[in-house]
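This report concerns only the one structure given below.
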2 protein chains.
Amino acid sequence: MTSSTTQREYTIREAAALTGLPASTLRYYESIGVIAPVSRGASSGHRVYDEGDLDQLMWVACLAATGMSVGDMRAYVANGALGPEAALGQIELLSAQAQRLAAEAEQIVLRRRYVQIKIDYWRAVESGDTARADLLSAEARALADELRGARKPHVL
Amino acid sequence: MTSSTTQREYTIREAAALTGLPASTLRYYESIGVIAPVSRGASSGHRVYDEGDLDQLMWVACLAATGMSVGDMRAYVANGALGPEAALGQIELLSAQAQRLAAEAEQIVLRRRYVQIKIDYWRAVESGDTARADLLSAEARALADELRGARKPHVL
DNA sequence: GCTTTGACTTCACGCACTTGAAGTTCCTAG
DNA sequence: CTAGGAACTTCAAGTGCGTGAAGTCAAAGC
């Protein structure tokens, strides 16, 4: 992902703005080895991020956002640091992440259906339609089972 | 969500199985007031969950799974405990949750596109198609911006 | 009557950050 | 040239959300 055009450099504040992660988290990720050590300004000792660093951070942010542990992220990024000859490994890693995302997407579909049913239920209650309410109640229960069935590790 | 048929009761283990949450978490949620105090067996002091409790837990699990803080969950459930006359409030709460879920779904769509582009990128690298690789690299960068733009609070 | 099983409580720890303190360093402006 | 302030540094401690282990108690089976 590194084309050698316009190799701009960024301060930690800029990197934070660009990745959407707080600066503290950038430092934290570096400190625990989730990202490679960032080079420093010769005189200041301040971190200097290049495009490659930003790219790596963007990727890490994507992994983190799906609930991956920092330990796992470390492993992922370590592999990624091997360079272009690691293309196959990268593809594998990415495919796994794609699957994770697909599972999460499925979960969200179910949860959306669940709250929609709940909304319908309360509307039925409000309008005194107890028959419909009972029906929706049962439906919610059924969906709850499905929800439970397709759980992910993640935040829970 | 409480029809007065078959008012079964459940042990904490059963409740855990039914909601998909570990028993320890059930106790924890109760201890911090996310769910109302569960009634206890007269002799044993063991928690006895009824359908209403399970229902509440299912709902809490759904909220928790989308990254809601326990503090907010507490507020939500407190409102829910008011009974059927709170239908309107419940609908509002649920609508807010629906929106949260919609936002999350959108995020996931973007992230899936992102990893797909990354996969394509590495495939291009593998096959030596640097032109396509550069193109995909740029595409990933653009998508990264979009991802950043549509951030949610959540786990991050 | 003893032992196993399950639940009880409390406390301590773990993860992923986040925040605060105390100390440089860069920049801008008088 | 020097002063002030914003932004950076490190390190330590704190926070939010659970999770796990230790020790106790009560009902049920052999």
Side-chain angles (χ1 to χ4, degrees), chain A residues 9-35 37-50 53-54 57 59-77 100 151-156, chain B residues 9-35 37-50 53-54 57 59-77 100 151-156:
Chain A
E9 301 191 324
Y10 307 86
T11 69
I12 195 170
R13 194 156 281 291
E14 290 169 325
L18 288 168
T19 60
L21 298 169
S24 61
T25 301
L26 266 45
R27 281 190 280 263
Y28 170 65
Y29 280 171
E30 188 182 348
S31 77
I32 61 173
V34 162
I35 58 167
V38 175
S39 63
R40 303 305 186 99
S43 57
S44 65
H46 293 186
R47 286 170 181 80
V48 176
Y49 294 83
D50 63 23
D53 292 328
L54 286 215
L57 280 170
W59 173 227
V60 164
C62 180
L63 294 176
T66 57
M68 178 170 293
S69 75
V70 293
D72 288 356
M73 290 195 283
R74 189 165 24 214
Y76 268 49
V77 171
R100 228 186 313 281
R151 286 170 78 66
K152 37 148 232 259
H154 197 181
V155 190
L156 308 171
Chain B
E9 301 191 326
Y10 307 85
T11 69
I12 195 169
R13 195 155 279 291
E14 288 169 327
L18 289 167
T19 61
L21 298 168
S24 58
T25 301
L26 265 45
R27 287 191 207 96
Y28 170 64
Y29 280 170
E30 189 182 347
S31 77
I32 60 172
V34 163
I35 59 168
V38 175
S39 62
R40 305 303 187 101
S43 57
S44 65
H46 292 188
R47 287 170 181 81
V48 177
Y49 294 83
D50 62 23
D53 293 327
L54 286 215
L57 280 170
W59 174 226
V60 164
C62 180
L63 294 175
T66 57
M68 177 169 294
S69 76
V70 293
D72 288 356
M73 290 197 282
R74 188 163 28 210
Y76 269 48
V77 170
R100 228 187 312 282
R151 287 170 76 68
K152 37 148 232 265
H154 197 180
V155 189
L156 309 172

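Letters go in sequence order (proteins before strands), and every chain restarts at 1.
- Residue B:T25 places at least one side-chain N or O under 4.0 Å from the OP1 or OP2 atom of D:dT19.
- Of the candidates C:dC17, D:dG18, D:dT9, D:dG18 carries the atom nearest the B:V70 side chain, counting heavy atoms from C-beta on.
- Minimum atom distance to the side chain of A:P22 is reached by C:dT18, of the listed C:dC26, D:dG18, C:dT18.
- Tested against B:V38, the residues B:I12, B:L26, B:D53, B:D50 include a single side-chain contact (heavy atoms from CB on, under 4.5 Å) partner, B:D53.
- For C:dC15, the OP1/OP2 oxygens have no side-chain nitrogen or oxygen of A:S69 closer than 4.0 Å.
- One finds a side-chain N or O of B:Y29 lying less than 4.0 angstrom from the OP1 or OP2 phosphate oxygen of D:dG18.
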Next on the checklist: Please evaluate residues A:Y10 and A:V48 with respect to the criterion side-chain contact (heavy atoms from CB on, under 4.5 Å), reporting the C-alpha separation (whole Å), side-chain torsions for both, the decisive distance (0.1 Å), and the verdict.
Outcome noted: CA-CA 6 Å; A:Y10 307 86; A:V48 176; over 6 Å; no
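- Distances shorter than 4.0 Å separate none of the side-chain N or O atoms of B:R27 from OP1 or OP2 on C:dA7.
- Rounded to an integer number of Å, the gap from CD1 of B:I12 to P of D:dA27 is 18 Å.
- In this model, the phosphate group of C:dT9 is approached by a side-chain N or O of B:R47 to a distance below 4.0 Å at OP1 or OP2.
- Atom CG of A:L26 is separated from atom P of C:dT18 by 11 Å (rounded to the nearest Å).
- Straight-line distance from the OH atom of A:Y10 to the P atom of D:dC8: 16 Å, rounded to whole Å.
- Looking at the side chain of A:Y28, the nearest of the listed nucleotides C:dA16, D:dC8, C:dA7 is C:dA16.
- Annotation for B:Y49 and B:L54: closest pair CB-CD2, 4.0 Å, computed over non-hydrogen atoms.
- In this structure, B:R40 places its CZ atom 14 Å from C1' of D:dA26, rounding to the nearest Å.
- Atom OG of B:S39 and atom NE2 of B:H46 lie 13.0 Å apart (nearest 0.5 Å).
- Applying the 4.0 Å criterion to OP1 and OP2 of C:dG6, one finds that B:T11 has every side-chain N and O outside that range.
- Separating the CE atom of A:M73 from the P atom of C:dC17 is a distance of 6 Å, rounded to the nearest angstrom.
- If you find the closest nucleotide of DNA chain C to B:V48 and to A:A42, the one lying nearer the 5' end belongs to B:V48.
- Each salt bridge (charged side-chain N to carboxylate O under 4.0 Å, His left out) pair with one or both residues in residues 22-31 of chain B, not counting sequence neighbours, appears once here: B:E30-B:R47.
- The phosphate of D:dT9 has neither OP1 nor OP2 within less than 4.0 Å of any side-chain N or O from A:R13.
- Nearest-nucleotide mapping onto DNA chain C: of A:G71 and A:S43, the residue sitting toward the 5' end is A:G71.
- When the P atom of C:dG14 is taken as reference, atom CG of A:D72 falls 18 Å away, rounded to whole Å.
- Counting non-hydrogen atoms under 4.0 angstrom, A:I32 reaches nothing in the nucleic acid.
- Evaluated for a side-chain contact (heavy atoms from CB on, under 4.5 Å) with A:M73, the options A:I35, A:I32, A:V34 yield exactly one hit, A:V34.
- One can place CG of A:L63 at 19 Å from P of C:dC15, the figure rounded to the nearest angstrom.
- Rounded to an integer number of Å, the gap from A:E9 CD to C:dC26 P is 15 Å.
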